[in-house]
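Here's the structure, in structure tokens; my notes come after.
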2 protein chains.
Amino acid sequence: MVTIKDISERCGVSRATVSKALNGHTDIGADTIAQIRRVAKEMGYLPNATARTLKLGRSHNIGVLFVDKTGCGLRHEYFSSILDSLKVEAERRGYDITFISKDIGEFSMDYYEHTKYRNCDGVAIATVDFSNPAVLKLIASEIPTVSLDFVYDNRTSVLSDNIGGISALVHYIYDMGHRRIAFIHGEDTSVTQKRLISFHKTCASLGLHVPEYYFKPALYHDPKLSGLATRELLALSDRPTCILYPDDFSFIGGMNELERHGVSIPDDMSVAGYDGILLSQVLRPRLTTYRQDAETMGCEAAAKLVELIEQPKTALPQQIMVSGQLLKGDTVKNINE
Amino acid sequence: MVTIKDISERCGVSRATVSKALNGHTDIGADTIAQIRRVAKEMGYLPNATARTLKLGRSHNIGVLFVDKTGCGLRHEYFSSILDSLKVEAERRGYDITFISKDIGEFSMDYYEHTKYRNCDGVAIATVDFSNPAVLKLIASEIPTVSLDFVYDNRTSVLSDNIGGISALVHYIYDMGHRRIAFIHGEDTSVTQKRLISFHKTCASLGLHVPEYYFKPALYHDPKLSGLATRELLALSDRPTCILYPDDFSFIGGMNELERHGVSIPDDMSVAGYDGILLSQVLRPRLTTYRQDAETMGCEAAAKLVELIEQPKTALPQQIMVSGQLLKGDTVKNINE
DNA sequence: CAAACTGGCTTAAACGATTTCGTAGCTTGA
DNA sequence: TCAAGCTACGAAATCGTTTAAGCCAGTTTG
């Protein structure tokens, strides 16, 4: 490998001079700089990130923490979209991405230790499970972090507008004339809590009384459970006219169940999803849903994290709310007249 | 940060002794080792991967290259599954994962340069676009690589059994009595070529003549184009009785088109997908498809790559074929009687 | 009993880069 | 003419870790 030393010998200058020339310091003569740059290119010199990291204590490397309770991990389009855009933005700003995990090889480390071990400058945390103590240890540490969809002690985070999303959906459904709206919701997480609160509040503000049995617990990304919940709702004497699903993918379970019972969407039953994944927009009828702007979230997360890293003094911790978009598909029927 | 130096001072031994004690060298007294290990734990010592990498020339870090022509990137479940399992297996073997990209920050590098820059011990390459010269430069280099779904000059690769997959599908469809099978295929890649060849061969071996207009070009992961192709096939005077789609997701476009024309699946038209993503198995009727075993592929890729890295002498380059599984759903009708 | 060996530790160099502090030589100004 | 200032560069320390080589005392061997 070509190193700075090789260049310095070839050019008859010291290693210090080469380093300065390549890094644009001003105390080197113009001719010398030109010569060094030329020789460096000729010899195929590449800087060594490892050596630089060791000396400077900065790796230009961002850790990404995806903890996966559910088993679907990166397969969830919401997460993979965030990761994809986070990666693009980080790279644009000169940072690489490394996954942070526990237990690398035989050596067992927690997330915080792993981050230090790899000298990551900061970590983006996207996980369902923020109750994990190892995750909390990392967030609470001195390492710059940005958490997605979770706020810890006023630290920087990027949040999807769950309140606004559910509110927009419910308002739209209400405007279409629906008064009996059921909500099949995901497992108990802070996100789910926000959605439930928003659902309650919105309904209350619209003067809607929602009976307890219109709330059905299910899981995210699990069509089977949503299917079961759907069946229970169909069995009610006062069937809802519209069902909200935990997410677009879970809705598939409901869709199948409705079809099995000969209940047509949206004529006999209106439905809405959440997420706005690709799938939702290619189904027919097109699913009414709330699109979470995962691209913007990933991008913002990378941007804020880099800011925290590069201006630790001036970068204020903040919660960035990324609003999504109501996608009016064709699965909520207008029953006004 | 606690370093080896701190421990050495506390224990009254040299840094070399500490390093050896922690790394299990045998020329240190048992008492000394015990004491050093204890003090290290007490002080919260963590090894520094960067320093180690610099000294040893080994980073225990694997690069992952995902190039994305299509724009859907990691969002494609096939890729994200591979990545997920690759990550798990690499970590199990003591390696971290870093994404390799071009153009990090203002400095422009190709993939090979980036890999050297970050001192990655090896790279797993998963991309659609193997014609990219920068990708080829990396594969052809001295850096250990494992490519997915692509063979370069007999180097190690992990391959999905595209030949066997299409063959299995066609045989199954033939056995169900179909003689007019159309094939909507993806864009021109080596994978597509293999599938087309397999389709031709299998049909020939079954004595099936397939007219040219039963082959429709479309794109992977693009329901719209598959929808259009479906429409064209429906307009034919000698309609096929079964349509093969580029992949499960694209099939959605066909599904919609068929429904629009009042063509019911599978009574009026049989269909099959490819990939076996989650979606395919929650749709009703359940999609008949060929499941690519992305988990095994990612796992094998990581395993082989680590082998190439750790035993460069003895690890023979090889092509590992990962076979998938025919998922007999309910979308291919038995029309034998 | 000298030579050879051994266990247990240290010394010092090395990995590749950056940066602080000099300093030699030149120009400038009064 | 000389102090001051500037330009262009170098010496050396440093980041944290590893390892070849050396050393010393004590033990074994011929």
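Remember, it's a predicted structure, so these values are computed and weren't measured experimentally. Throughout, protein chains are lettered first and strands after them, A, B, ... in sequence-line order, and every chain is numbered starting at 1.
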Does [N] have its OP1 or OP2 closer than 4.0 Å to a side-chain nitrogen or oxygen of [X]?
X: A/Asn23; N: C/dT18; value: yes
X: A/Thr32; N: D/dC9; value: yes
X: B/Tyr45; N: D/dT17; value: yes

Compare the minimum distances between each of [options] and the side chain of [X], then state the nucleotide with the smallest one.
X: B/Lys20; options: D/dT19, C/dA17, D/dA12; result: D/dT19
X: B/Ile4; options: D/dT17, C/dA17, D/dG16; result: D/dT17
X: A/Thr17; options: D/dG10, C/dT10, C/dT18; result: D/dG10
X: A/Ile28; options: D/dG16, C/dA17, D/dC9; result: D/dC9
X: B/Asp27; options: C/dT18, C/dA14, C/dC9; result: C/dC9
X: A/Ser14; options: D/dA11, C/dT18, C/dT10; result: D/dA11
X: B/Leu56; options: C/dT10, D/dT18, D/dC15; result: D/dT18
X: A/Arg52; options: D/dC9, C/dC9, C/dT18; result: C/dT18
X: A/Leu54; options: D/dG10, D/dC15, C/dA17; result: D/dC15
X: A/Ser19; options: D/dA21, C/dC15, C/dT19; result: C/dT19

>> Here's a test of your reading of the structure: between A/Val18 and A/Arg15, which maps to the more 5' nucleotide of DNA chain D?
In response: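 Its nucleotide being nearer the 5' end, the pick is A/Val18.
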> Among B/Leu305, B/Val146, B/Val151, B/Thr296, which one satisfies side chain to side chain contact (heavy atoms under 4.5 Å, CB included) with B/Val158?
Replying inline: B/Val146
> Looking at A/Thr98, A/Ile97, A/Asn119, which hits side chain to side chain contact (heavy atoms under 4.5 Å, CB included) with A/Asn61?
Replying inline: A/Thr98
Atom [atom1] of [X] to atom [atom2] of [N]: distance rounded to whole Å?
X: A/Lys55; N: D/dG16; atom1: NZ; atom2: P; answer: 10 Å
X: B/Met1; N: D/dT14; atom1: CE; atom2: P; answer: 17 Å
X: A/Lys116; N: D/dT17; atom1: NZ; atom2: P; answer: 12 Å
X: A/Ile33; N: D/dC9; atom1: CD1; atom2: C1'; answer: 12 Å
X: A/Asn119; N: C/dA17; atom1: CG; atom2: P; answer: 17 Å
X: A/Ile36; N: D/dA8; atom1: CD1; atom2: C1'; answer: 11 Å
X: A/Leu22; N: C/dT18; atom1: CG; atom2: C1'; answer: 12 Å
X: B/Glu9; N: D/dG16; atom1: CD; atom2: P; answer: 12 Å

> Within the structure shown, what part of the strands sits under 4.0 Å from B/Lys5 by heavy-atom distance: base, sugar-phosphate, or nothing?
Replying inline: nothing
> Mind checking whether B/His76 and B/His221 have parallel, tilted or perpendicular rings, split at 30° and 60°?
Replying inline: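 B/His76 and B/His221: tilted rings.
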> Taking the six-membered ring of B/Tyr112, is the NZ or CZ of B/Lys137 close enough (under 6.0 Å from the centre) and on axis enough (within 45°)?
Replying inline: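 The answer is no; the distance or angle limit is not met.
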> Between B/Lys304 and B/Glu89, is a salt bridge (Lys or Arg N to Asp or Glu O under 4.0 Å) present by the stated rule, with each step listed?
Replying inline: CA-CA 11 Å; B/Lys304 282 301 149 192; B/Glu89 179 64 14; over 6 Å; no
> Can you find a heavy atom in the side chain of A/Phe99 that is under 4.5 Å from one in the side chain of B/Val64?
Replying inline: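 They are not in contact (no side-chain heavy atoms under 4.5 Å apart), so the answer is no.
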>> On DNA chain C, compare the nucleotides closest to B/Gly29 and A/Val2; which residue's is nearer the 5' end?
In response: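 The 5'-side residue here is B/Gly29.
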